[in-house]
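Taking it in order: structure first as structure tokens, then the write-up.
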Amino acid sequence: MSPKLYVIDLSPPVRSVYLTAAALGITLEHVELDYFAGDHLKPEFIKINPQHTLPTLVDDDGTIVWDSHAINAYLVSKYGKDDSLYPKDFAKRALVDQRLHFDSGWAFLGMRNIVEPIYFRGSKTIPEYLKENANKIYNFLETFLEGKMWVAGDNITIADFSLISSITSLNVLVPIDSGKFPKVAAWIQRSEQLPYYAVNKKGLEDFKTNIDNMLRA
Ligand SMILES: N[C@@H](CCC(=O)N[C@@H](CS)C(=O)NCC(=O)O)C(=O)O
């Protein structure tokens, strides 16, 4: 039996778990919920995750984990052959954790603040202050990548998986100026070369189509 992952491909946090699972070489059983029909708000799902967010993991032994960052750390700790994706060394882990919290508090949130009015309130434009915020996020990331291949050093970690799914989605909404943010642009290109990157690509393309349609509708 494979651990169950409740998903919607459009979601950046869900795609970060796809990347982690692919990097670990493990299979998760995807349970797709119809987000726009409100499947995640139904009592049977609320019983599993009262915060009703996707992704949510239910492992074979009944362990339930939600929040993609916690899921990714859990999967590496439980299924990783080594700790390279989420180092045990305190100082290295602290840097990865900082980047993960940057994803939660800035990158994903910056994207979510733009998307929700488009998805749920019929908004057809992106306010200037949210575009400015997106550029602030790109600028922070540009600084983090100074002298580094990946966001927390020379090894890829789960922080890259969280940030690549959020940042490529934010890029759909507020395009990254590669002249201003060359390190961010190079990091995206590096990520796209990963042998398992396709698991981010499909949901990202669906997300782009979805946003294009909603902004035009
Ligand atoms: N910090 C959470 C964010 C998860 C999240 O907000 N997911 C969205 C989809 S992208 C969701 O499930 N929204 C439904 C809701 O909040 O009710 C994570 O990383 O898992």
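As the structure lists them, so they are numbered: ligands from 1, and atoms in each ligand from 1.
Among pairs with a residue in residues 164-182, none fulfils salt bridge (charged side-chain N to carboxylate O under 4.0 Å, His left out), at least two apart in sequence or across chains.
Atom 17 (O) of ligand 1 has as its closest protein heavy atom His52 ND1, 2.7 Å. Among all protein heavy atoms, the one lying closest to atom 3 (C) of ligand 1 is Phe108 CE2, 3.6 Å. In terms of protein heavy-atom proximity, atom 6 (O) of ligand 1 is closest to Arg112 NH1, 2.7 Å. Nearest to atom 7 (N) of ligand 1 among the protein's heavy atoms is Leu54 O, 2.9 Å. Among all protein heavy atoms, the one lying closest to atom 20 (O) of ligand 1 is Ser68 N, 2.8 Å. What sits closest to atom 10 (S) of ligand 1 on the protein, heavy atoms only, is Ser11 OG, 3.2 Å.
Counting only distance, with no hydrogens or angles, the side chain of Asn49 and the backbone of Thr53 share a donor-acceptor pair below 3.5 Å.
By the 3.5 Å distance cut-off applied to N or O atoms, Asp67 is counted among the residues near ligand 1. Between Leu41 and ligand 1, no pair of N/O atoms sits closer than 3.5 Å.
Inspection of the Arg99 and Thr157 side chains reveals no N or O donor paired with an N or O acceptor under 3.5 Å. Side-chain contact, Asp9 with Tyr18: a donor N or O sits under 3.5 Å from an acceptor N or O. There is no side-chain donor-acceptor pair under 3.5 Å between Asn135 and Tyr138.
Residues Lys202 and Asp206 are paired through a salt bridge, judged by an N-O separation under 4.0 Å between the basic side chain and the carboxylate.
Atoms of ligand 1 lying under 4.0 Å from at least one heavy atom of His69, given by number and element, are 19 (O). Atoms of ligand 1 found under 4.0 Å from any heavy atom of Pro55, numbered from 1 in the order shown, are 20 (O).
Between Phe120 and Phe36, the ring-plane angle classifies as tilted under the 30° and 60° cut-offs. Between Phe102 and Phe144, the ring planes lie perpendicular to each other; the angle is over 60°, past the 30° to 60° tilted range.
Of the heavy atoms in Trp66, none comes closer than 4.0 Å to ligand 1.
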